[in-house]
Every structure is written in C-alpha cells, then in structure tokens.
Amino acid sequence: MRCEFRNNFGLSQRVWVKYHENIIFAANKKCRTMLKKMPHTYTIISLIILICAILSWIIPAGEYNRHMVEVNGAERTVIVEGSFHAVEQAPQTWQVFTSLLKGFEKQAGIIAFLLIIGGAFQIMNSCRAIDAGIFSFLRFAQGLERHAWMKRLGVNNIIITMVMVLFSLFGAIFGMSEETLAFVIIIVPLAISMGYDSITGLCMVYVAAHVGFSGAMLNPFTVGIAQGLAGLPLFSGFEYRFFCWVVLTAILIACVLVYAGRVKRKPTLSPMYEADAYWRDRRNEGMEEMVFHTSRVAWIVYGLILAGLVLFSINYPHTDFKVGNVSARLHAVPICTVLFALFGLLSLRKSFHFFVLTILAFTVVFLVIGVMGHGWYLPEISGIFLVMGISSGYASGRNADEIIKLFLEGAKDILSAAIVVGLAGGIIQVLQEGRIIDPILHALASLMGEAGKVMSVGLMYVIQTMINIVIPSGSAKAALTMPIMAPFSDVIGISRQATVMAFQFGDGFTNMITPTSAVLIGALGIARIPYEVWVKWYWKLLLVFIVLGFILLIPMVL
C-alpha cells in the first residue's frame, strides 16, 4: 500500500518537498554567487607566497646572531640581544616554484599525520560504528529532555558547552594543537547530526582547544618556554592566567551557542549548508540496513589488543603526570588495560559496532596518557590511530586487501588538505630564505621605544600577533621574540609577566586564521570547510578576541 503524506495545505509530500527545495535554492543562490567570486584556497596562499617574494626585494635583509640556551631542561636556539645586523640581500625569484616542495619537507610530519588519520578513520567509518554511536548518543540526549530543567537549559547546549570546556582545558594544560585533527573527524559529524553545521563542529574541538591554548595556564610549549626565556618562575602567575582562560572560554562558548542556535532554527543561514550535504549523506547512508552482530574475528582482535596492552602495562607500570610544578605517579596503563578488558567484553556481547567504538574511546584515553605522561608527539599519535583503524577493519570482518583499499580512499580524500599544508609551509620558507623575518621583528620592536606603558604592552601584543601570521609555532616564536621583549620590558618599566602574556595572546588568536598554520589548514581540510569561507566567518570572532586580549593585558600594567 502506498501511503502519501498530505500537509495542512493539502499538498502531497512530493510537491511539499519540492516547494521547500525551491525556497532553499533561492536562499542559497546569493551565497553561492558570493562564494564563486572568492578565490580558491590554493590561489590565496599562492598569492601570499608571491607577495612574500616581492617583499624580499623591498625589505633590507638582516639577521640576529643566535646561541643555544637551556630552558626548562631542554636546549633552545635564541637570538642574542642587540646583535641585529645587515646581511646580503637574498631576493626570491624562481624559489617561489620550489617553495611547495620545501614546504612539504618542513611540514612532512603534519602531512603524513593527516594522510594516516584520513586512512584510519575511513576504515572505521566503513563499518558505520561512529554513525551507530552518534545515533545512540542522540537518542540518549533526547531522553534527557524528559526532565523539565534539562529541557529548559537545552541538552544540545549542555553537550556543546561540555565538549568545548574539555578541549579548551586540553589546550590550556598541555597545549593540544595537532592532536585536535584526530577529533575533528568525529565531532563534525556529531554536530551535523545534532542539527548544526561543520563550522559549529570545528568550533567545538579545534577552536576551543586553541582558545584554551591562547589563555593557557600551564602550556609547556608557550607559557613554559616564554617564562623560562624571560627568567620567571615556571608557570608563575597562574591565578590571573586562570581568570583569563575562564573569560576567553566563556566568551567563545557564548558566541558559538548563539551561532549554533541560529543555524539550528534556520539551517540555510550557514555558509556551509550546501557543502555539509557530504556529511549529511554519510550520516544517512546505509543506516536502514545496518545489522548488529559480532563475528569470531572481532573476538580474536579483542584478544590481540588485550595481549598488547598487557605487555604495555608490564613495560610501563607507572606514568608520571606533570601539570605545572605538580607531578603525580599513577598506574594509568594497567588501570586502562583492565577497563578495556571489561568494556571490550561487554561491547562485543552487543555488537562489533560498539566494540569498534570501545577501541576508539580507549585510543583517545591512551592518547591523553601518552601525550601528558610519556611525551608522545606525531609519530606515536599517528601510530596509535593506525592501529585503531586496522583493528576496526578486521573487527568488522574486512580482509587485508579491503582494509588497504579503504585506507587509500581515506588518504585520497584528505590529499587536498595535505597539499594546502605544503603550500602554507612554502610561505615560511620564502620569508626565511629571503632573510626578512628578523628585519621585520627588529623594525617592529623599535616602534616601542617612545611609547607609554599601556601603549608599549599593546605594541608588544600587536607585534606578537603580526609575527604569528608568518611563524605560527609558539616555541619558535618564543625563542625569537622573548630575548628582545623581556629585557626591553625592564627598561620601560613593564612586568615581564605582562610581556609573556602579550606573547601568549599574540601567539594564540591568529593561529585560527593564518594560512601558514598547518594545523588550521589540516582541520579545515578534514571538516571540508574552504579556507575563504572560514576567514569570512571567523574574522568577527577574531576581532572580539584581539580586543578582549588587549583589555586583559591592561590590568597587568596598571
């Protein structure tokens, strides 16, 4: 029997849907026209490379002398104060065409990490485990709305807030940055399933972590290095930094909730409405024929992972966690091994889909343990996600050839983002080979000579912000600027803590818009958000944070 829906206007379902499609088409026609006028991401970055090459002909070349110093137990290359001198001009010509290769060399770790992440999650996505988890989570969230107080607050608002606070803490405590790439591919589909868009999903994880990074209390890669170079006690000034983190995170959450609410009420307001059809199609694809079962191979995978974790527990019975000056030794790996044994067993009794989700969850847990307790970086993180992908493939009943094919498909999907990362690395390469980074820094620092205290700290903030556009690495920028800024702050009567805070804010906010940031370009590529669309959406929020950063600096001077 064919059942045909009729609405209050007497229109058939087919006509009603067509009517809405026409409205949506008209609403997005202007948006599509505007986006077509905007240049492609590759074009934007290529133009920046060309402009940097032109500047190498105009700006007189110069360099600072550098030497090695020990900062918090690690050796860092820093500049020698007052050592700036002119060097032979190095104008860039045909080097703009070699910048792509050299950019790939500089960003090889990020590029390989992106390809591995793309391949690993493609394997996991093929078994629909993440989709099953998202739908189960949404059903649970909808069940919470039965409670009046939860309905009043909004379950989705609570979820967005909790996720953002969590990732902001990760950024503030251990400097989460590259690690966010692995979570973007999970949170973006979740956000779209909740009725939002990919921009909301990116804000929940990537932007939240980097706002936490900007207002960090204990970030060893920015606050730790900068305070060490400035001769300050490690992680001193924690109280005011914590206050700044709370203010910045609260402002971000408020802005994202307002935007997400607008998109929820009217999805066509999102500049990513049409492009997000990719995620919506993946969400709906094949859900109706999903069969929940557990194969014998899944049990074998469970046994192999458990055996590996037991060996890992024997080799690493203790994990030393260090947060600021506080450290704690915990039996983290053995405890998590026991928990995996329990939850893995329970999930296998339900379905291999939930076992794959258990693998994903414990991958994240061991990622946190590895980063905070064992100094993991891209090689170890990519390795654990590769194991996650392969294990998921076998647990879902795939053979080796099918797993490899899926991995290649995932890597292919992320290849365009990897190329953009290489191009972004080319910008830095041209600036360095043109020998104009140090002259720019020297000229900007000279501007502060005759300014008052508030104006001087503001200029420091502006200088750090501008330098961050071309050098997004916090540790590298600290080594470049703090040997100049810290002694200068003594001369003009500004606290060195204020100087470190100006560096911290200047280092963080523009990370989320500069095309030289490999992490930003990678996150946008994973979320399938064009760079030009992101800039058009984010610049207002960036302006809010830049102004707020200056306001938070003033009490440190007055």
Side-chain angles (χ1 to χ4, degrees), residues 114-140 182-190 192-193 278-312 336-337 339-367 381-415 526:
L114 283 173
L115 296 176
I116 291 172
I117 288 293
F121 274 96
Q122 179 66 20
I123 299 170
M124 175 171 284
N125 287 332
S126 68
C127 66
R128 317 301 297 174
I130 293 179
D131 294 325
I134 288 174
F135 275 88
S136 297
F137 176 78
L138 292 178
R139 283 197 298 268
F140 171 75
F183 296 93
V184 171
I185 204 168
I186 303 172
I187 301 299
V188 167
L190 173 64
I192 291 175
S193 297
Y278 167 83
W279 296 107
R280 290 191 293 270
D281 292 343
R282 287 187 59 169
R283 178 191 66 186
N284 298 323
E285 183 184 42
M287 288 303 297
E288 62 278 0
E289 62 264 8
M290 183 179 292
V291 178
F292 293 93
H293 68 282
T294 301
S295 64
R296 182 182 301 175
V297 178
W299 287 98
I300 295 174
V301 171
Y302 168 70
L304 291 174
I305 294 176
L306 186 57
L309 290 178
V310 169
L311 293 175
F312 195 44
C336 289
T337 299
L339 292 175
F340 174 81
L342 175 62
F343 285 102
L345 182 63
L346 294 175
S347 60
L348 280 169
R349 292 170 63 88
K350 191 172 184 180
S351 170
F352 80 86
H353 299 86
F354 296 97
F355 175 61
V356 170
L357 290 175
T358 300
I359 294 176
L360 172 62
F362 278 90
T363 297
V364 174
V365 171
F366 280 105
L367 166 66
I381 297 171
S382 61
I384 193 172
F385 276 103
L386 183 59
V387 171
M388 176 202 73
I390 295 173
S391 301
S392 301
Y394 280 116
S396 63
R398 310 281 183 182
N399 59 40
D401 288 344
E402 290 173 332
I403 291 173
I404 291 173
K405 182 179 179 181
L406 289 168
F407 181 88
L408 292 176
E409 289 177 1
K412 182 180 178 181
D413 283 345
I414 212 71
L415 182 60
I526 294 173

- Message: Let me confirm one number: the CD1-CG distance from I526 to D413, rounded to the nearest 0.5 Å.
- Response: 11.5 Å

- Query: Are I300 and Y394 side-chain neighbours, meaning at least one heavy-atom pair lies under 4.5 Å?
  - Reply: no

- Task: Hey, could you give me the CZ/SG distance between F355 and C127, rounded to the nearest 0.5 Å?
- Result: 11.0 Å

- Do you know the tightest heavy-atom contact between G389 and I123? O-CG2, 3.0 Å

Side-chain atoms of residues 402-410: list all donor-acceptor pairs with protein atoms under 3.5 Å, sequence neighbours left out, distances to 0.1 Å.
| residue | atom | partner | partner atom | Å |
| --- | --- | --- | --- | --- |
| E402 | OE1 | N399 | N | 3.0 |

- Message: So, taking the atom named CD1 in I305 and the one named OG1 in T358, what distance separates them when rounded to the nearest 0.5 Å?
- Response: 10.0 Å

- Note on the structure: On a heavy-atom basis, the closest approach of S396 and R398 is OG-CG, 3.4 Å

- Just wondering, do W299 and L348 contact through their side chains at under 4.5 Å, heavy atoms? yes

- Query: Are the side chains of I381 and L367 in touch, meaning some heavy atoms are under 4.5 Å apart?
  - Reply: yes

- For F343, which residues count as a ring pair (Phe, Tyr, Trp, His ring centres under 6.0 Å) partner, sequence neighbours excluded? none

- Query: Do V356 and L360 come close enough that some side-chain heavy atom pair is under 4.5 Å?
  - Reply: no

- Query: If every non-hydrogen atom of S391 is compared with every non-hydrogen atom of I359, which pair is closest and at what distance?
  - Reply: CB-CD1, 4.1 Å

- Hey, mind stepping through T363 and V387 against side-chain contact (heavy atoms from CB on, under 4.5 Å) and telling me if it holds? CA-CA 9 Å; T363 297; V387 171; over 6 Å; no

- Task: Classify the ring geometry between F340 and F362 as parallel (under 30°), tilted (30 to 60°) or perpendicular (over 60°).
- Result: perpendicular

- Shortest non-hydrogen pair, V365 vs C336, comes out as CG1-SG, 3.5 Å

- Query: Would Y302 and L345 satisfy side-chain contact (heavy atoms from CB on, under 4.5 Å), going step by step from the backbone distance to the final call?
  - Reply: CA-CA 8 Å; Y302 168 70; L345 182 63; 3.9 Å; yes

- Message: Less than 4.5 Å apart, side chain to side chain, heavy atoms only: is that true for L357 and S347?
- Response: no

- Using the side-chain contact (heavy atoms from CB on, under 4.5 Å) rule, take L309 and F366 through it: C-alpha gap first, then chi angles, then the decisive distance, then the call. CA-CA 10 Å; L309 290 178; F366 280 105; 3.7 Å; yes

- Smallest heavy-atom separation, F352 atom then A298 atom, equals CB-CB, 4.4 Å

- Task: Mind telling me whether F385 and F121 have parallel, tilted or perpendicular rings, with 30° and 60° as the class edges?
- Result: tilted

- Note on the structure: When every non-hydrogen atom of I185 is compared with those of A182, the smallest separation belongs to CG2-O, 3.6 Å

